[in-house]
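In this text the structure is predicted, and so the values were computed from the model without any measurement. The analysis underlying the following values was restricted to heavy atoms, covering all of them including side chains, and did not include hydrogens, waters or symmetry mates. One-based numbering, in listed order, for ligands and for the atoms of each.
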Amino acid sequence: MISKNSTLLEIYNRPIGHDVLAKILMIINVNPEKIKSFPFRHIKLKYLRPFLGKDLINSLVDLVNIEEASIKDTSKEISKKWWKEAVFYQIYPRSFCDSNGDGIGDLQGIISKLDYIKDLGVDCIWLSPVYDSPMDDNGYDIRNYRKILDEMGTMENFDLLLKEVHDRGMKLIMDLVVNHTSDEHKWFKKALDGDIKYQNYYIFADKPNNWKSWFSGTAWRYFPQVGKYGLHLFSQKQMDLNWENKDVRKEVIDICKWYFDKGVDGFRLDVINLISKRPGLPNGNEKIGDLVNFTGIEHYFYGAKLYQYIQELVEEAFKPYGAFSVGETPGHGIEMGRLLTNETRNAMDLVFSFDHLETPGHNRFDDYKYDLNFLKDIIYKFNDRLTLGDWQAIYLENHDNPRMPSKVIHNFKYRDVLSKMLLGLIMTVKGTPFIYQGQELGSLNLDFKDMSQIRDVESINMYQELLDKGISSEEAFASILAGSRDHARNMINWYDNPHENAWIDDFTLGDGYSVKDQIGDKNSVLSFFKDLNKFRKTHIELIYGAFNPLERDKKDLMVFTRGFDDKKLLIEINLSEKPIERYLRNKEALFSNYVEKEGKLKPYELNIYRI
Ligand code: ISL
Ligand code: CA
């Protein structure tokens, strides 16, 4: 067991200790490997008490001791699974395709585009929530798990969608949001009506602690009907479920089985790492709160019963159907991910880590240039620690993050080659690629002019909180603009016609990147992605091949090989806008994002060679 007498190195050698120290040091831009060097390795945790304070030391010790040892994985070979070979495509239904002209994407719209999706060459669709919801958080506030939102269509439409997906040889996973429900869910309404059984489905307290919501402000909302405060880690209309309660866990198992009985192939589990809260709901450490922005997070982002709850859910609901699971685990690093997905743990198949999404020292709302050398480093670091019993989800975009090309460059002369390079990078490193709708089109951030165009509850709450602090509306808007999730939520531009009364302003008209503009153009980002998918499917090295980084310390150059049996591919990438020396000369590339290649590597040039 770790104690305050343990050294930083002893803590770093524990799975949760590794990730927590790595995260803290990454935020303050210190290389975590320093912990292995003198004098850091000998510093006992208790000597940091003057800086960290007693309760932070105790919280850290408690957290690290939740999981004793790293996984001793002795797998001798990689197990073959469909989801290790698949490319996933995430659809944000509200913004994908509108079939009835109300400006809101719907299920019929998705059905009408299944041939487009199939032609991309992707294998499994991840459908963001389509359940009945008041849409406070665009469906991540579920009011009825077994009903489709009216604007989306009917359950019959969903059943048809699922059939049509399967008929095309693809799979479909849904989004399962069970850390919380909408405050309009019948369970919560019964709780407010005084039904004790359902009050125990949620987390009520007589008085609030200092936990902060991820969507600004306190994480507690007072309900005079019951004279108590209810916990909401997200919006005020997203009430956290009490996973300590076996009835709640049973309800979730039943929901999963209900959809598995329909033939759904699995779930993406929304913020699933937050479901186990520390008993007694103690106050969060203010220092951690300042550092990571969510006071209280140390008491719930990897709770003592997290693994138990996840393993029970997988065992009872997923395993009997052979269903797939990928958990969204904000705040988790590589070792926590292994604790929840290594094959010896019989838990989830994959998790989404967030560690690569922002260059150290920045958060999503900073308007900065993302450094692709960081992405290279973190991909190599993850691969250094993964064993043959591990696997990882590889992604750069989703519905919660700005468009990656816009994070990397601010002039769009290189829009096409950078979009292609980023797609090529995630399709050639080891792991399962997840593509977000529009990424195949080279979509960029949107040119929002003012708050009236912003729809996202996270941005709106943040803006209001800034105004309440006396910040001017211009400054407040500028503070949320770079990181607003709405950059990823514009309607897909199928044919450059305006989407009548779209729920979010249209910015993609006339930018020459509509599906219609690109579909026939062999040099388009769209065509590149389709060709890349075909290439990946016919080269098992890119799926199960060993990953071997080269030139690790060479800035702006990313070179690695993927070897399987006697076949080996070498991938060479220029991570910068500047021409740099080629790694391989006078060699014909099998695949590239440039046509002509002479002299140095061009800006963001990516090549795949047979060696
Ligand atoms: O990254 C975030 C915190 O800074 C948020 O964008 C996001 O809320 C977090 O990653 C959790 O995301 C998931 O749960 C939220 C929902 O708003 C997101 O859309 C979902 O992906 C609450 O259900
Ligand atoms: Ca519609």
Fill in the blank from the handout: Here the atoms of ligand 1 under 4.0 Å from any heavy atom belonging to His180 are 22 (C), 23 (O)
Exercise for the section: Indicate yes or no for a side-chain donor-acceptor contact from Asp98 to the backbone of Gly101 under 3.5 Å, with no hydrogens or angles considered. Expected result: yes
Handout entry: Donor-acceptor pair, side chain of Arg268 and main chain of Val326, under 3.5 angstrom
Key = no
Exercise for the section: Give a yes or no on whether Asn100 keeps an N, O or S atom under 3.0 Å from the Ca ion (ligand 2). Expected result: yes
Fill in the blank from the handout: atom 7 (C) of ligand 1 has as its nearest protein heavy atom Arg485 NH1, 3.7 Å
Exercise for the section: Using only heavy-atom distances, determine whether the side chains of Trp391 and Thr432 contain a donor-acceptor pair under 3.5 Å. Expected result: yes
Completion exercise
When His185, His180, Glu184 are each screened for side chain to side chain donor-acceptor pair (under 3.5 Å) with Lys237, the one that passes is Glu184
Problem - Criterion salt bridge (charged side-chain N to carboxylate O under 4.0 Å, His left out) on Arg455 and Asp486, from CA distance to verdict - result: CA-CA 7 Å; Arg455 299 286 174 274; Asp486 282 347; over 6 Å; no
Problem - Asp98 near the Ca ion (ligand 2) via N/O/S, less than 3.0 Å - result: yes
Handout entry: Sub-4.0 Å heavy-atom approach of Arg268 to ligand 1
Key = yes
Problem - Contact atoms of ligand 1, heavy-atom distance to Asp137 under 4.0 Å - result: 15 (C), 16 (C), 17 (O), 22 (C), 23 (O)
Practice task
Tell me whether Ile104 has at least one N, O or S atom under 3.0 Å from the Ca ion (ligand 2).
Solution key: yes
Exercise for the section: Examine Arg146 relative to Tyr131 and say whether NZ or CZ is less than 6.0 Å from the centre of the six-membered ring and inside a 45° cone about the ring axis. Expected result: no
Handout entry: Heavy-atom nearest neighbour of atom 9 (C) of ligand 1 within options Glu328, Glu358, Arg489, Met462
Key = Glu328
Problem - Atom name, Asp106 (N, O or S, nearest to the Ca ion (ligand 2)) - result: OD2
Completion exercise
In this structure, CE of Met404 is separated from OH of Tyr395 (nearest 0.5 Å) by 9.0 Å
Exercise for the section: Could you tell me whether the side chain of Ser443 and the main chain of Gln439 form a donor-acceptor pair under 3.5 Å? Expected result: no
Handout entry: Pick from Phe354, Phe365, Phe234, Phe215: the one approaching atom 10 (O) of ligand 1 most closely through a non-hydrogen atom
Key = Phe354
Handout entry: Closest protein heavy atom to atom 19 (O) of ligand 1, given as residue, atom name and distance to 0.1 Å
Key = Asp400 OD1, 2.8 Å
Problem - Residue, atom name and distance, where the atom is the protein heavy atom closest to atom 20 (C) of ligand 1 - result: Asp270 OD1, 3.0 Å
Exercise for the section: Give the atom name of whichever N/O/S atom in Asp102 sits closest to the Ca ion (ligand 2). Expected result: OD1
Practice task
Go through ligand 1 atom by atom and flag the ones less than 4.0 Å from a non-hydrogen atom of Gln238.
Solution key: 22 (C), 23 (O)
Fill in the blank from the handout: Heavy-atom nearest pair, Gln437 first then Asn490, reads NE2-O, 4.4 Å
Practice task
With Lys262 as the cation and Trp258 as the aromatic partner, state whether NZ or CZ is under 6.0 Å from the six-membered ring centre and within 45° of the axis.
Solution key: yes
Completion exercise
ligand 1 to His399, heavy atom cutoff 4.0 Å, flagged ligand atoms 18 (C), 19 (O), 20 (C), 21 (O)
Handout entry: Lys189 NZ: over 12 foreign heavy atoms closer than 6.0 Å
Key = no
Problem - Atoms in ligand 1 flagged as close to Arg364, the criterion being non-hydrogen separation under 4.0 Å - result: 1 (O), 2 (C), 3 (C), 4 (O), 5 (C), 6 (O)
Fill in the blank from the handout: Val271 heavy atoms within 4.0 Å reach ligand 1 at atoms 11 (C), 13 (C), 14 (O)
Handout entry: Nitrogen or oxygen of Trp214 less than 3.5 angstrom from that of ligand 1
Key = no
